[in-house]
Amino acid sequence: MSQRIIAVDDSDIAQDFIRATLADIGFEDVVGFIDPREALRAMEKGDAVADLILMDIMMPEIDGIELCARVRGLKEWSDVPIIMLTSRTDMDSLSEAFLAGANDYVTKPFNRIELQARMRSCLRLKSELDRRRSGEAKSRRLRRNLSAAQGIVNLIGSKAGFEANLLALPRKVHEQVGLVVFKIDGEHSKADFSPIEWEQMKSQVASLLGQVKIKAQDMFAHWEDDLFCLAMLDASPDLMQQCAEQFIKALTSSHDAMRKDWKNRPTSISACLVPPGKSSLANSLAKGIQGAEKAGRSRQTGAVILMSNNENSQQ
């Protein structure tokens, strides 16, 4: 594999074990840091690059939680997946780690297959997000007014909060989480709006979607750009389908609420359902994003597609 991995752990023995384990599962490009301060300096100066970070929680001077938060504050590292390495004695620190920006965790001594699955899921999600961002870079440079986009966060919650709440759930609950990813229909959508109008339109869409009633245990948030995510606990595919259709109807039946000069460009959303299963949450999100994009490009507006959910299913 070509991905570079950074391992931050203050134990020489742990570093050797991590390097040997990663080599065994195909990750040969590994950079280790014994001192977390040295790792942070290398990232701040641009002397280090990586596709994923493995980070111990219990370290001197700067523990893994503080280091994770400081790494997330660096623009170039804000989306690099971070997997925490934790012993069973410091499991209580995980909620703080997720709030600091961690993506996942494995317990020491970690199982090789489990570690491989966690890393693969995080790398797959990162790859999918990078692909989307590369296609959106040009339009981002044209945006001159982001106030409307900031309003989306105030209406229905942010990607960061959604991820933190989702991954802070106990591990045993993860297999009970179903995900619905919504996408504004049509590849032509942005071309129909100026950059400012596009942000304003997304805020109106978010406002309408935010009015749909969901169970108190479920979570709904704006993911990024034209994507929205819904997490449902203990939901069957049929129930997820019904809920997705309610969101779609909330938008298509509310065109009168949209600005008058937009009514000749009716807006709709499509959805991808990823029911509860054995796949990790990061893997499920990647599947949902891919499926939502496929549904959003279809000729049928308001399309709903269902993805299988297991670790070995094809993307």
Side-chain angles (χ1 to χ4, degrees), residues 3-23 25 27 29-111 114-127 129-130 158-171 280-282 285:
Q3 291 98 336
R4 168 167 289 186
I5 311 300
I6 283 180
V8 187
D9 196 305
D10 63 306
S11 166
D12 288 322
I13 296 176
Q15 285 283 355
D16 291 341
F17 182 68
I18 290 171
R19 191 177 294 275
T21 302
L22 293 183
I25 59 179
F27 294 94
D29 191 358
V30 181
V31 177
F33 288 94
I34 296 290
D35 187 344
R37 296 169 300 179
E38 182 183 349
L40 182 61
R41 284 195 295 268
M43 295 177 196
E44 290 174 336
K45 294 180 179 180
D47 295 336
V49 294
D51 298 289
L52 184 144
I53 304 171
L54 298 176
M55 186 181 299
D56 189 27
I57 286 186
M58 301 301 292
M59 294 185 291
E61 302 297 335
I62 300 177
D63 64 22
I65 295 172
E66 181 181 352
L67 179 60
C68 181
R70 293 176 71 170
V71 170
R72 285 291 179 245
L74 303 176
K75 182 179 179 181
E76 298 300 323
W77 293 84
S78 61
D79 292 322
V80 176
I82 297 176
I83 297 179
M84 308 303 295
L85 306 178
T86 175
S87 68
R88 297 190 183 279
T89 59
D90 53 45
M91 292 289 285
D92 291 341
S93 302
L94 282 176
S95 59
E96 296 179 45
F98 286 128
L99 289 174
N103 296 87
D104 211 334
Y105 76 95
V106 291
T107 55
K108 295 180 177 180
F110 42 79
N111 177 276
E114 179 185 15
L115 178 63
Q116 183 181 27
R118 301 273 184 264
M119 292 178 64
R120 183 175 61 187
S121 295
C122 285
L123 288 168
R124 184 178 295 134
L125 178 59
K126 176 65 164 54
S127 176
L129 295 177
D130 285 346
S158 68
K159 169 185 174 181
F162 182 85
E163 283 187 310
N165 291 332
L166 198 62
L167 294 175
L169 293 172
R171 174 65 62 183
S280 70
L281 293 177
L285 277 169

| task | For Glu114, enumerate each residue passing the salt bridge (charged side-chain N to carboxylate O under 4.0 Å, His left out) test, keeping only those at least two apart in sequence or located in another chain. | result | Arg118
| request: Determine, step by step, whether Ile5 and Leu54 satisfy the side chain to side chain contact (heavy atoms under 4.5 Å, CB included) criterion, reporting the C-alpha distance in whole Å, the side-chain angles of both residues, the deciding distance to 0.1 Å, and the verdict. | output: CA-CA 7 Å; Ile5 311 300; Leu54 298 176; 4.1 Å; yes
| query | Which distance, rounded to the nearest 0.5 Å, do you find between the CG of Leu99 and the CD1 of Ile65? | reply | 9.5 Å
| What residues, two or more places apart in sequence or in another chain, satisfy salt bridge (charged side-chain N to carboxylate O under 4.0 Å, His left out) together with Arg72? | none
| Looking at Met84 and Asp56, what are the two nearest heavy atoms and their distance? | CE-O, 4.3 Å
| query | How far apart are the C-alpha atoms of Val8 and Leu85, what are their side-chain angles, what is the distance that settles it, and do they pass the side chain to side chain contact (heavy atoms under 4.5 Å, CB included) test? | reply | CA-CA 9 Å; Val8 187; Leu85 306 178; over 6 Å; no
| task | Could you pull out the closest heavy-atom pair between Pro60 and Pro36, with the gap in Å? | result | O-CG, 3.7 Å
| query | Heavy-atom distance under 4.5 Å between the side chains of Lys108 and Thr86, does that happen here? | reply | no
| query | Listed by chain and number, what are the side chain to side chain donor-acceptor pair (under 3.5 Å) partners of Asp35, not counting sequence neighbours? | reply | Arg37
| query | Hey, what do you get for CD1 (Ile57) to OG (Ser87), rounding to the nearest 0.5 Å? | reply | 8.0 Å
| Got Phe27 and Thr21 here, is their nearest side-chain heavy-atom distance under 4.5 Å? | no
| message | Once side chain to side chain donor-acceptor pair (under 3.5 Å) is applied, do any residues pair with Arg19, and if so which ones, sequence neighbours excluded? | response | none
| task | Taking all non-hydrogen atoms of both residues into account, name the closest pair between Cys122 and Asp104 and its distance. | result | SG-CB, 4.2 Å
| request: Take the angle between the ring planes of Tyr105 and Phe98 and call it parallel below 30°, perpendicular above 60°, tilted in between. | output: perpendicular
| With distance as the sole test, does Asp63 use its side chain to make a donor-acceptor pair with the main-chain N or O of Met58 at under 3.5 Å? | no
| field | Partner set under side chain to side chain contact (heavy atoms under 4.5 Å, CB included) for Gln15, not counting sequence neighbours | value | Ala7, Asp9, Ile34
| request: Identify the heavy atoms of Phe33 and Ile6 that sit nearest to each other, and give their distance. | output: CD1-CG2, 3.9 Å
| said: Quick check for you: to the nearest 0.5 Å, what is the distance between Ser121 atom OG and Gln116 atom CD? | reply: 10.0 Å
Anything under 3.5 Å between a donor and an acceptor, one on a side chain of residues 43-53, the other on a protein residue two or more places apart or in another chain? List them.
{"residue": "Asp51", "atom": "OD2", "partner": "Arg4", "partner atom": "N", "Å": "2.8"}

| request: In sequence, state the C-alpha distance, the side-chain angles, and the governing distance for Leu40 and Leu67, and then conclude on side chain to side chain contact (heavy atoms under 4.5 Å, CB included). | output: CA-CA 7 Å; Leu40 182 61; Leu67 179 60; 3.9 Å; yes
